[in-house]
Q: 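Below is one structure. I have some questions about it.
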Amino acid sequence: MHQLPNSSPWRTPFGGVLIAALLLAGVEAVLHSDAFLYRYRSVFAAGRAMDKVLALEAQPATVLAIGNSRVDNGIAPAVLRRETGLEAFNLGLPGAEACNLEGVVARLHAHGVFGPGRTEQVLIGLDDGFFQRVGGLGYEVWFDDRARLLDHGRHRDWLRSVVRLWGFADSLRTLQEPAKLLRAIEASFREVDSWGGNARSTAGFRAADEVVNQDAAQIEAQNSASRRPPDPEVLECFWATTERLQAANVAVKVFFTPSLRSANAFDGDAGGPDSPYGRMKAAFTERGIDILEVDVRPIIAAQFFANPGHLNREGATRFTALLSAKLGAGTRLGQRD
């Protein structure tokens, strides 16, 4: 190193540590931004969720459908608009459970999405998987309510949501898949829409027969699940979400997503009045939550499913038409029930 005569090299105590800390702070700032997730919406599940969230925040729809992948693939907003005259948006998130959606709804509420003249009705698609603790897609890092994480003793997830570089590690590991790595590289240099198309143009709907929905392990886990009792902590998140929506003067309604292999845990008497799901159905009525129970027998056929747990485009069209009819004649006139 060149230096002047009789001078000593410039040194700063802990200079390396300071530089590393500044770099880490910069990376964390990027990872805490909506822009990062949106940029990689074609790569990561949480990125596609952000695509939907930003689209709805920009233009709230009168009717919002939320839930897991069976909502994502099963509710076609264009059909609901055709049948009811109401603008609709699909916020189904593959692999999501009630605590993930609690955080998303809290964010949307903070952005003023809910209320008269904005989103006035929320339809929640339910199956037993929606009430089980899941993970691996990064939703708990990006969207779950941090106070709820602490209340549930999920200190590791809370810390991962704060130190996003750690929390993002699981998502980064998925880049070992060559196709996903190539998408990430492409998205770094140009805009690449999320799987199934940009949420602003599709109103959040993604047909399961046209894109990869979930990997084989996720599909098998969802298909093999049947009438598992709800996780008490996840159920707590669900009730908190419905209460938040009702406090915002939103009509909350639930519907039960169809499956080819087995009946939905909520179907019929849901196992009887003393079963967990039977008690939940009774609680819906007590809490002023409407049940849109649809007779799905006409669409329980292989021709309407992309796989045993997810409707294809034709199945989604037919199911959405059946569900729309349950919303009632008043919705055709743009009136709330």
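One is the number of the first residue; the rest follow in order along the sequence.
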Q: Apply side chain to side chain contact (heavy atoms under 4.5 Å, CB included) to residues T257 and F255 and explain how you reach the verdict.
A: CA-CA 7 Å; T257 54; F255 65 95; 3.8 Å; yes
Q: Which atom pair, heavy atoms only, marks the closest approach of Y38 to M50?
A: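 In terms of heavy atoms, the two residues are closest at N-CG, 4.2 Å.
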Q: Any idea which heavy atoms bring S194 and R41 closest together, and the distance?
A: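 Answer, listing the atom of S194 first, then R41: CB-O, 3.3 Å.
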Q: Under 3.5 Å, side chain of E140 to main-chain N/O of N100, donor-acceptor pair present?
A: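 No: the side chain of E140 does not pair with the backbone of N100.
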Q: What are the two closest non-hydrogen atoms of Q132 and Y277, and how far apart are they?
A: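 Heavy atoms only, the tightest pair is NE2-OH, 3.8 Å.
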Q: For the CD atom of E102 and the OG1 atom of T242, what is their distance to the nearest 0.5 Å?
A: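 Reported value, rounded in 0.5 Å steps: 10.0 Å.
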Q: Check whether I185 and V192 end up in the same hydrophobic cluster, where Ile, Leu, Val, Met, Phe, Trp and Tyr are linked by side-chain heavy atoms less than 4.5 Å apart.
A: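 Different clusters: I185 never reaches V192 through Ile, Leu, Val, Met, Phe, Trp or Tyr contacts under 4.5 Å.
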Q: Could you tell me the separation between the CG atom of L235 and the CE atom of M280, rounded to the nearest 0.5 Å?
A: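 Answer rounded to 0.5 Å: 5.0 Å.
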Q: With side chains defined as the heavy atoms from C-beta onward, is the minimum distance between D157 and H152 less than 4.5 Å?
A: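 Result no, sub-4.5 Å side-chain heavy-atom pair not found.
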Q: So N73 and R206, do their side chains get closer than 4.5 Å, heavy atoms only?
A: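 Side chain of R206 against side chain of N73, heavy atoms only: contact under 4.5 Å found.
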Q: Sub-3.5 Å donor-acceptor pair from the side chain of D290 to the main-chain atoms of V252, do we have one?
A: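 Absent.
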Q: D127 side chain to F130 main-chain N or O, any donor-acceptor pair under 3.5 Å?
A: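 Yes; judged by distance alone, with no hydrogens or angles, the pair exists.
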Q: Are H111 and V53 side-chain neighbours, meaning at least one heavy-atom pair lies under 4.5 Å?
A: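 No - every pair of side-chain heavy atoms lies 4.5 Å or more apart.
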Q: Count the heavy atoms belonging to other residues, nucleotides or ligands that lie under 6.0 Å from CD of E191, then report whether that count exceeds 12.
A: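 Result for CD/E191: enclosed.
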Q: Hydrophobic clusters here meaning ILVMFWY residues chained together by side-chain heavy-atom distances under 4.5 Å, can you tell me if I299 and L327 are in one?
A: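 Yes, I299 connects to L327 through the hydrophobic network.
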Q: Which value, rounded to the nearest 0.5 Å, describes the distance between L172 atom CG and L181 atom CG?
A: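 Rounded to the nearest 0.5 Å, the CG-CG separation comes to 11.0 Å.
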Q: Give me the one residue out of R118, R81, R82 that meets salt bridge (Lys or Arg N to Asp or Glu O under 4.0 Å) with E87.
A: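 In the set R118, R81, R82, the residue that makes a salt bridge (Lys or Arg N to Asp or Glu O under 4.0 Å) with E87 is R81.
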Q: Quick one: does any side-chain atom of R70 pair with a main-chain N or O of G309 as donor and acceptor, under 3.5 Å?
A: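 Looks like yes, one N/O pair under 3.5 Å.
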Q: What verdict does the side chain to side chain contact (heavy atoms under 4.5 Å, CB included) test give for V63 and T84, after you've listed the backbone C-alpha separation in whole Å, the side-chain angles of each residue and the deciding distance to 0.1 Å?
A: CA-CA 10 Å; V63 179; T84 68; 5.7 Å; no
Q: Is it possible for you to say whether V104 and V113 belong to one hydrophobic cluster, with membership spreading through side-chain heavy-atom contacts below 4.5 Å?
A: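 Per the 4.5 Å side-chain linkage, V104 and V113 are co-clustered.
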Q: Could you work out, with ring-ring contact (aromatic ring centres under 6.0 Å, His included) as the rule, every residue matching Y40, not counting sequence neighbours?
A: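 Partners of Y40 by the ring-ring contact (aromatic ring centres under 6.0 Å, His included) criterion, ordered by chain and then number, come out as F36.
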Q: Which residues satisfy the ring-ring contact (aromatic ring centres under 6.0 Å, His included) test with Y139, sequence neighbours excluded?
A: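 Per chain and number, Y139 pairs via ring-ring contact (aromatic ring centres under 6.0 Å, His included) with no residue.
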Q: Restricting to salt bridge (Lys or Arg N to Asp or Glu O under 4.0 Å), what partner residues turn up for D145, sequence neighbours left out?
A: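 Expected list: none.
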Q: With heavy-atom distances below 4.5 Å as the criterion, would you say the side chains of H310 and S69 are in contact?
A: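 Sidechains of S69 and H310: in contact.
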Q: Would L91 and V134 show up in the same hydrophobic cluster when neighbours are defined by side-chain heavy atoms closer than 4.5 Å?
A: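 Not linked; separate clusters.
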Q: Which atom pair, heavy atoms only, marks the closest approach of V71 to N90?
A: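 Nearest heavy atoms, V71 then N90: O-ND2, 2.8 Å.
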Q: Verify, without hydrogens or angle tests, whether N312 (side chain) and Q303 (backbone) share a donor-acceptor contact under 3.5 angstrom.
A: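 It does hold such a pair.
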Q: Does F238 have any ring-ring contact (aromatic ring centres under 6.0 Å, His included) partners at least two apart in sequence or in another chain, and if so, which?
A: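 Expected list: F131.
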Q: Please report the closest heavy-atom contact between R228 and G129, naming both atoms and the distance.
A: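 Scanning both residues completely, I find the closest heavy atoms to be NH2-CA, 3.8 Å.
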Q: Tell me, with the steps shown, if L150 and H155 meet side chain to side chain contact (heavy atoms under 4.5 Å, CB included).
A: CA-CA 6 Å; L150 291 177; H155 301 101; 3.8 Å; yes
Q: Would E57 and L108 count as a side chain to side chain contact (heavy atoms under 4.5 Å, CB included) here? Give the steps.
A: CA-CA 7 Å; E57 287 175 353; L108 294 173; 3.7 Å; yes
Q: Quick one, L292 and L123 - any side-chain contact, counting heavy atoms below 4.5 Å?
A: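 In contact.
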Q: As an exercise, state the distance from CG of L80 to CZ of F89, rounded to the nearest 0.5 Å.
A: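 CZ of F89 is found 13.5 Å from CG of L80.
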Q: For residues 269-320, pull every pair meeting disulfide (SG to SG under 2.5 Å), keeping only residues two or more places apart or in separate chains.
A: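 Found none.
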Q: Any donor-acceptor pair under 3.5 Å linking the side chain of R48 with the backbone of W195?
A: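 Pair found, side chain donor or acceptor close to backbone of W195.
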Q: Can you tell me how far apart CH2 (W142) and CZ (F44) are? Round to the nearest 0.5 Å.
A: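 Taking CH2 in W142 and CZ in F44, the distance rounds to 9.0 Å.
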Q: Any sub-3.5 Å donor-acceptor pair from R318's side-chain atoms to R313's backbone N or O?
A: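 Checking the backbone N and O of R313 against the side chain of R318, no donor-acceptor pair under 3.5 Å is found.
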Q: Taking the side chain as C-beta and beyond, is there a heavy-atom pair between T241 and L101 under 4.5 Å?
A: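 Side chain of T241 against side chain of L101, heavy atoms only: no contact under 4.5 Å found.
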Q: Compare all side-chain heavy atoms of R200 with those of Q59 and state whether any distance is below 4.5 angstrom.
A: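 No - every pair of side-chain heavy atoms lies 4.5 Å or more apart.
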Q: Is a side-chain N or O of K52 found less than 3.5 angstrom from the main chain of G204, in a donor-acceptor match?
A: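 Flag set: sc K52 to bb G204 pair under 3.5 Å.
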Q: For K281 and I291, which heavy atoms make the closest approach, and how far apart are they?
A: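 Taking K281 first and I291 second, the nearest heavy atoms are O-CD1, 3.8 Å.
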Q: When you compare the side chain of L126 with that of F284, does any pair of heavy atoms fall below 4.5 Å?
A: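 The answer is yes, as the side chains (C-beta and beyond) meet within the 4.5 Å cut-off.
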Q: Please enumerate all residues that pass side chain to side chain donor-acceptor pair (under 3.5 Å) together with E177, with sequence neighbours excluded.
A: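 None.
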Q: State the CG-CG distance between D193 and N198, to the nearest 0.5 angstrom.
A: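 Rounded to the nearest 0.5 Å, the CG-CG separation comes out at 4.5 Å.
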Q: Taking the basic N atoms (NZ, or NE/NH1/NH2) and the acidic carboxylate oxygens, is any pair closer than 4.0 Å for R287 and E243?
A: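 Counted as a salt bridge, because a side-chain N and a carboxylate O are separated by less than 4.0 Å.
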Q: Transitively linked via ILVMFWY side-chain contacts under 4.5 Å: L64 with V79?
A: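 No, L64 and V79 fall in different hydrophobic clusters.
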Q: Between D51 and A199, is there a donor-acceptor pair closer than 3.5 Å when you use the side chain of the first and the backbone of the second?
A: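 Confirmed, D51 side chain pairs with A199 backbone.
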Q: Measure from the side-chain N and O atoms of T62 to the backbone N and O of T119, and report whether any donor-acceptor pair falls under 3.5 Å.
A: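 Looks like no, no N/O pair under 3.5 Å.
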